[in-house]
Amino acid sequence: MNRSTLRSTLPARASTTRARTTRALAVAATAGGALLLAAVPAAAHVHATPDTTAADGYSVVTFRVPNESDTAATTSVRVSLPTEHPFSYVAVRPVAGWSAVVTEGALPAPVEVGGTTLTKAPLSVTWTADPGSAGIAVGQFEEFEANVGPLPGAGTRVVLPTVQTYADGEVADWSEVAAEGAAEPEKPAPEFTTTAAGEDHHGGGSHAEAAATPATTPAASTTAAPGADPVARGLAGAGLALGLAALVVVLLRRRRA
C-alpha cells in the first residue's frame, strides 16, 4: 500500500471506529437507563423487617407499605399470620390516623407452642385508616409494627401474606411465595426466616417482657418515594451514573469529529 492510499484510508477507518464506539456507548447508555427503570419498581412492595429472628423469642416486625397508586390513597392493610406455627402473642404499636384490630380464631389443627397446645391463635392484623384520615397518600409510604412471638424453630420461613386496599377499591394482594432459589414473584408476600436461639434474643424472653415492648407513642407518617430501599437506590444510582457517563462520552466524541 503506497502513502497516498494509506492517507486516504485513515479517515475512513477513523470514521468507522468512531461510529462503532458511538453505537457501543449508546447501547451502554440504554442499558444504564433500563437498569434505572427496573431497579425502583422491583423494590416497591410490602416488606416485613423483624428486629430479631431468634427462635423462641419475641420480635417487633415492621411492615413497610408503599402506595403504588397514581390516584388513590391506601386505606387498609391486612396481614395474615401463620397457622402452622402460630404466634400465641401479638400486640401492635399505635399509628396516628390508623386503627388496628388483631383477629383471633380457630387453627386448622392443634399446634404445640412452648409446651402449650394451641387450638386458637391470632390469625390476622388489620390496620384501617380512621375516618377523615388521609391514609397512605400518593407518593408516600407508612410503617406498621407488630410485636409477635414466640418465633418458631430456626430455619422456619415466616410468611406473612398482606392485602393492601386503596380508596378507589383497588386491591393489591401481596401473597405470592417463591420456591427456594427461584426469582422473586411479581407480588411477593412479606417474609423472614428464623435463626438459632441465643442468650440474647433482643426483645425475647418472658411473655411479660414482650408485652412491655410496644410503645404508646403514635408513629408519625413519613413522606418518601414509594418503596424506598437501600439496594434499589444503589442499583438505580449506578444505572443513572452509567447512562450519564456514556452520554457525555458520546457527545465529546461527536464534537471532536
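- Here the closest non-hydrogen pair linking Pro190 and Ala48 is CB-CB, 3.6 Å.
- Separating the CD atom in Glu191 from the CZ atom in Arg157 is a distance of 4.0 Å, to the nearest 0.5 Å.
- Note that OG1 of Thr156 and CG of Leu151 are 9.0 Å apart. Values are rounded to the nearest 0.5 Å.
- A 4.5 Å side-chain heavy-atom check between Val158 and His85 finds at least one atom pair inside the cut-off.
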(message) side chain to side chain donor-acceptor pair (under 3.5 Å) for Gln164 and Thr74? Distances and angles first, verdict last.
(response) CA-CA 7 Å; Gln164 178 180 9; Thr74 294; 2.9 Å; yes
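- The nearest pair of heavy atoms linking His45 to Pro66 is O-CD, 3.7 Å.
- Following chains of ILVMFWY side-chain contacts shorter than 4.5 Å, one can reach Val90 starting from Phe192, so the two form part of one hydrophobic cluster.
- In this structure a side-chain-to-backbone donor-acceptor pair under 3.5 Å is missing from Thr194 to Ala55.
- Using a 4.5 Å heavy-atom threshold, the side chains of Thr49 and Phe63 count as separate.
- Val61 is not listed as a side-chain neighbour of Phe87, based on a closest heavy-atom distance of 4.5 Å or more.
- Between Tyr58 and Tyr89, the ring planes lie perpendicular to each other; the angle is over 60°, past the 30° to 60° tilted range.
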(message) Between Gln140 and Asn67, does the side chain to side chain contact (heavy atoms under 4.5 Å, CB included) criterion hold? Intermediate values first, please.
(response) CA-CA 6 Å; Gln140 295 185 348; Asn67 188 322; 5.6 Å; no
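- No single ILVMFWY cluster, assembled from side-chain heavy atoms under 4.5 Å apart, contains both Leu123 and Val159.
- A distance of 11.5 Å separates OG1 in Thr162 from NE2 in His47, rounded to the nearest 0.5 Å.
- The nearest pair of heavy atoms linking Pro86 to Leu107 is CG-CD1, 3.8 Å.
- The shortest non-hydrogen separation linking Glu176 to Glu186 is OE1-N, 3.2 Å.
- Annotation: Glu84, atom CD; neighbour count of heavy atoms from other residues, nucleotides and ligands within 6.0 Å does not exceed 12.
- Atom-to-atom distance recorded for Thr75:OG1 and Asp130:CG is 11.5 Å, nearest 0.5 angstrom.
- No continuous path of ILVMFWY side-chain contacts below 4.5 Å connects Val79 to Tyr166, so the two sit in separate hydrophobic clusters.
- No option in Asn147, Val148, Thr126, Val102 other than Val102 meets the side-chain contact (heavy atoms from CB on, under 4.5 Å) test with Val92.
- With sequence neighbours left out, Phe144 forms a ring-ring contact (aromatic ring centres under 6.0 Å, His included) with Trp98, Trp127.
- Contact detail for Val111 and Thr83: the closest heavy-atom pair is CG2-O, 3.8 Å.
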(request) Could you check Thr193 against Thr53 for side chain to side chain contact (heavy atoms under 4.5 Å, CB included), going step by step and ending with a plain yes or no? (result) CA-CA 7 Å; Thr193 301; Thr53 56; over 6 Å; no
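- In this structure, Asp51 and Ser59 approach most closely via the heavy-atom pair OD1-OG, 3.1 Å.
- Counting heavy atoms from C-beta on, the side chains of Leu160 and Trp174 never come closer than 4.5 Å.
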